[in-house]
Protein chains: 2
Amino acid sequence: MSDSQDPRQNRLLAALPDDEYTRLVPQLELVSLSLGDVLYEPGIQMHHVYFPTDSIVSLMCVMENGAAAEIAVVGNEGIIGVSLFMGGETTPSRAVVQSAGYAYRLAGDRLKEEFDRVGGRRSGAVHDLLLRYTQALLTQMAQTAVCNRHHTLDQQLCRWLLLSLDRLPVQELLMTQELIANMLGVRREGVTEAAGNLQKAGLIEYRRGHITVLDRVGLEARSCECYAVVRDEFRRLLPEGGEPQPD
Amino acid sequence: MSDSQDPRQNRLLAALPDDEYTRLVPQLELVSLSLGDVLYEPGIQMHHVYFPTDSIVSLMCVMENGAAAEIAVVGNEGIIGVSLFMGGETTPSRAVVQSAGYAYRLAGDRLKEEFDRVGGRRSGAVHDLLLRYTQALLTQMAQTAVCNRHHTLDQQLCRWLLLSLDRLPVQELLMTQELIANMLGVRREGVTEAAGNLQKAGLIEYRRGHITVLDRVGLEARSCECYAVVRDEFRRLLPEGGEPQPD
DNA sequence: TCCGATATGTGCGGCAGCGAACACACACCC
DNA sequence: GGGTGTGTGTTCGCTGCCGCACATATCGGA
């Protein structure tokens, strides 16, 4: 996994001009993230932002009674901890590692410094890039909201699989149905049924915590439009678009 | 309504330091917004941002089949058109006037100018304020997503009424059940039933497009926690908190 | 004052997802 | 290679909301 050891595996970092990038690199710290690790708790002061390379992190909204739902997913296209540069310092949501891997982390005040830097000639590449990412994040949340309202579990599962897949270098997810249910905020049995449908349709293969995607195009067809909306908006707002999809 | 003719009825404008404010004021244009007016369509280039004074605007996410859902509501605490300073220029959502009234509008490039201004001594008050507002907006969207997932229509109606009420100078809404249903992305009949429940409970009074809130505290008790989460986050992030509530 | 448009109330069958309880089956470890 | 824990499949009745169809009430203008 020497690939994950290159900060520029993260597409935000990769999109920075060389001078900004070289200024930041020495401050980046490679960290290994395990499934279930919690990067942020609601209301707790954050100290770092994270740039995933081959890990995936879910932003979850947790309610008083413990019920929860994923509101966005962040992989190598993004950053965890936008509130550190947005000015709020904390958020009411939780960040949980959904797929183990690596990320580079950076002290919040270091990022802020770079974010606020106007620079002699160049006008804040870090600043502009992070704001564009944040707008993409807004879109993802908005789409999640409307998706929760209108779409069936089958469709949402497809969307979720695709969004995760786009953020991984492989076509396989290590993920139990229980965990997926937690992310989507539904019953585990519901996921069992939906996943069974997809398997019967020959779109995925399931074996005890391993999901392999067999027919990506079929998944997209079965997914609600929310996946495409989010993907396209990321492509529009961020360099190199939503994903370096092979096909 | 001479009150609505004061830009500082809008709490973002009110929160600006005097020099920024006086620089902006001459550029502000008072506009009257009627129920149903559309300020932005998905993907269309925006030219202005809007600072509501006594109007309310809903941000809607509209799907291919026409189904829609509100993802956030903006009143005198906020601004419509964050993508103009976030860098995206457009959004995939629609902005619809939910409650008629006034707003001040400002050319996008003028706002951007002020947003990017670093200023001699002061470090971008406009910049920081708008980013904090945007973070609050993020929270509102996130909470909408989880609310759509987990809460009953009764609870959501309460939340919606309270959020709208906080953004109005009066305790009465001009709003048909049909429109509310559109906002929430549910059936009109469902709203009829939920509103009937609230009326039976003595919390509101309903008469053909007019909703009067009789027992605000009761509404809050019946609402899901989402209302309080959003309100508190606005209070935390923005000067003077979520609302100048009388009680 | 009456009419018509518009808003609201109500009743049906249907379905997706919930919550609980249980049977099975695979993987891994000793 | 046999157990044990943890994933997965399946069943039940129940509820909340949908989609449709229609009855009634209210407002505002001619």
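Below, chain A is the first sequence line, B the second, and so on; all start at residue 1. No experiment lies behind these values; they were computed from the predicted model shown.
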Distance check needed: [N] [atom2] versus [X] [atom1], whole Å only.
X: A:Met175; N: D:dT8; atom1: CE; atom2: P; result: 11 Å
X: A:Glu178; N: D:dG9; atom1: CD; atom2: C1'; result: 14 Å
X: B:Asp154; N: D:dT15; atom1: CG; atom2: P; result: 15 Å
X: B:Leu179; N: C:dA7; atom1: CG; atom2: P; result: 8 Å
X: B:His151; N: C:dG17; atom1: NE2; atom2: P; result: 18 Å
X: B:Leu173; N: C:dA7; atom1: CG; atom2: P; result: 16 Å
X: B:Asn197; N: C:dT8; atom1: CG; atom2: P; result: 15 Å
X: A:Leu157; N: D:dT8; atom1: CG; atom2: P; result: 12 Å

Next on the checklist: By nearest heavy atom, map A:Arg149 and A:Gly196 onto DNA chain D; which one lands nearer the 5' end?
Outcome noted: A:Gly196
Checklist outcome for this item: Nearest heavy-atom contact between A:Tyr206 and A:Gln199 is CB-OE1, 3.0 Å
Item to check | Candidates B:Leu173, B:Ile211, B:Ile180 - the one meeting side-chain contact (heavy atoms from CB on, under 4.5 Å) with B:Ser164 | outcome: B:Leu173
Checklist entry - Counting only distance, no hydrogens or angles, is the base of C:dA20 paired donor-acceptor with the side chain of A:Glu189 under 3.5 Å? => result yes
Checklist entry - Is any N or O donor-acceptor pair between the side chain of B:Arg187 and the base of D:dG19 shorter than 3.5 Å? => result yes
Checklist outcome for this item: Comparing A:Arg207 with A:Arg188, nearest DNA chain C nucleotide closer to 5' gives the residue A:Arg188
Item to check | Test item: A:His210 and A:Met175 side chains (from C-beta on) under 4.5 Å apart, heavy atoms | outcome: no
Checklist entry - Does a side-chain heavy-atom distance below 4.5 Å link B:Gln155 with B:Ser223? => result no
Item to check | Donor-acceptor contact below 3.5 Å, side chain B:Asn10 vs main chain B:Gly78 | outcome: yes
Checklist entry - Looking for any heavy atom pair under 4.0 Å, which part of the strands does B:Gly190 touch: base, sugar-phosphate only, or nothing? => result nothing
Checklist entry - Hey, does the side chain of A:Gln177 come within less than 4.0 Å of D:dT6's phosphate (OP1/OP2), counting only N and O? => result no
Item to check | Below 4.0 Å: OP1/OP2 of C:dT8 and any side-chain N or O of B:Gln199 | outcome: no
Checklist outcome for this item: Among the nucleotides D:dC27, C:dT8, D:dG7, whichever has the atom closest to the side chain of A:Arg208 is D:dG7
